[in-house]
Amino acid sequence: MEGSWRDVLAVLVILAQLTASGSSYQIIEGPQNVTVLKDSEAHFNCTVTHGWKLLMWTLNQMVVLSLTTQGPIITNNRFTYASYNSTDSFISELIIHDVQPSDSGSVQCSLQNSHGFGSAFLSVQVMGTLNIPSNNLIVTEGEPCNVTCYAVGWTSLPDISWELEVPVSHSSYNSFLEPGNFMRVLSVLDLTPLGNGTLTCVAELKDLQASKSLTVNLTVVQPPPDSIGEEGPALPTWAIILLAVAFSLLLILIIVLIIIFCCCCASRREKEESTYQNEIRKSANMRTNKADPETKLKSGKENYGYSSDEAKAAQTASLPPKSAEVSLPEKRSSSLPYQELNKHQPGPATHPRVSFDIASPQKVRNVTLV
């Protein structure tokens with residue numbers, strides 16, 4: 001404690017001396033902005049003209065290092081210096097060790113009794129952690145799966161990518177902020193593995209060209225035999241659409257064929273019925289034609305006493321030259337010759353005589369239709 005008070009008194013004495021003597025020196029070039037990672041070092045340079053007496057470095061308006069021609073005045077071991085002389089200038093370097101996020105802010109260098117100063121900004125970024133839920137992943141060969149990588153505690157959000165040391169048929173990833181937590185980044189890797197290997201999640205801060213990675217093992221197992229037999233390989237979308245269209249066309253074709261078959265059967269049946277009806281009509285007409293004469297005969301009344309002239313002529317023509325006469329028995333003697341009987345005139349009614357035509361026994365009847 002006593003030593004720190006002595007350092008403060010020494011600085012005050014030096015400042016008082018410089019103020020009394022006066023100075024008009026100036027800063028040629030001030031420090032530049034710096035972005036560093038937590039726990040690393042930050043370097044700032046300030047170039048001034050020769051002849052300076054007191055140079056001070058401040059961080060967030062607090063003096064952290066002072067330099068005199070007699071030597072540095074160090075109040076904190078985290079802040080050290082380096083110096084370089086040239087023919088026309090002097091370069092002072094401020095080194096901040098074990099940089100913390102609280103060190104972020106304005107860094108200035110200034111000369112005593114000089115109105116000018118150089119200013120820069122210190123930005124401290126924090127590399128958080130990476131996390132994958134499982135260090136050893138076991139998946140089924142040929143089946144899609146996904147792996148999630150979490151980036152937590154990064155003050156500047158990183159860019160996440162994946163390095164695959166495993167054979168795959170498909171892979172893609174997408175990174176986004178976790179809903180409700182804008183300091184947490186998620187990256188989801190989708191892949192279809194075909195063999196064993198490793199997966200590496202890489203988070204990178206592009207401004208610093210710094211990165212952090214996490215690697216996990218991926219083990220691929222064969223699918224169960226039952227699932228292979230039942231499900232089989234998955235068909236692509238275009239194949240499913242093609243099969244659906246083909247089945248639809250096949251169904252339409254079957255319906256059209258059924259309709260055509262039904263029409264043909266109906267037409268054939270109509271033809272057969274028409275042919276059958278024609279045959280029935282022909283048969284009925286033939287029977288009607290055959291039955292007409294008999295019907296005509298039976299439809300009138302017969303006159304058994306009528307004899308036409310044509311029938312008589314035909315009967316006369318058909319008679320033989322001789323006809324046999326049969327005589328009924330008589331009471332008188334029949335010893336008369338045949339010639340005598342033929343010459344006698346017809347006798348009284350008590351001796352009738354009937355003559356028959358033996359050669360033409362058929363009977364002719366004439367029918368009068370009424």
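Numbering starts at 1 and runs along the sequence shown.
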Is there a side chain to side chain contact (heavy atoms under 4.5 Å, CB included) between Leu59 and Asp103 once you walk through the steps?
CA-CA 8 Å; Leu59 176 62; Asp103 295 331; 4.2 Å; yes
Same apolar cluster: Phe261 and Ile252, side chain cutoff 4.5 Å:
no
[X] versus [Y]: any side-chain heavy-atom pair under 4.5 Å?
X	Y	result
Glu204	Pro158	no
Leu122	Val107	yes
Cys145	Leu191	yes
Phe44	Gln32	no
Leu251	Ser248	no
Thr35	Gln125	yes
Trp154	Lys212	yes
His170	Val168	no

For Phe121, all residues meeting side-chain contact (heavy atoms from CB on, under 4.5 Å), sequence neighbours excluded:
Asn33, Ser123
If you compare all heavy atoms of [X] against all heavy atoms of [Y], which two are closest, and at what distance to 0.1 Å?
X	Y	result
Leu54	Ser66	CD1-CB, 4.4 Å
Val220	Gly195	CG2-O, 2.9 Å
Ser187	Trp162	OG-NE1, 3.0 Å
Arg78	Asp98	NH2-O, 3.4 Å

Which of these passes side-chain contact (heavy atoms from CB on, under 4.5 Å) with Val147: Leu199, Asp190, Leu218?
Leu199
Thr80 and His97: side-chain donor and acceptor closer than 3.5 Å?
yes
When you look at Asp39 and Val99, which way does the side chain to side chain contact (heavy atoms under 4.5 Å, CB included) test go after all the steps?
CA-CA 5 Å; Asp39 300 329; Val99 177; over 6 Å; no
Determine whether a donor-acceptor pair (N or O, by modelled atom type, separation under 3.5 Å) exists between the side chain of His43 and the backbone of Val34.
no
Under 6.0 Å between ring centres: does that hold for Phe79 and Trp57?
no
With a cut-off of 3.5 Å and sequence neighbours excluded, list every side-chain donor-acceptor pair involving residues 127-141.
residue, atom, partner, partner atom, Å
Ser134, OG, Asn136, N, 3.4
Ser134, OG, Asn136, O, 2.9
Asn136, OD1, Asn217, ND2, 3.2
Glu141, OE1, Gln222, NE2, 2.5

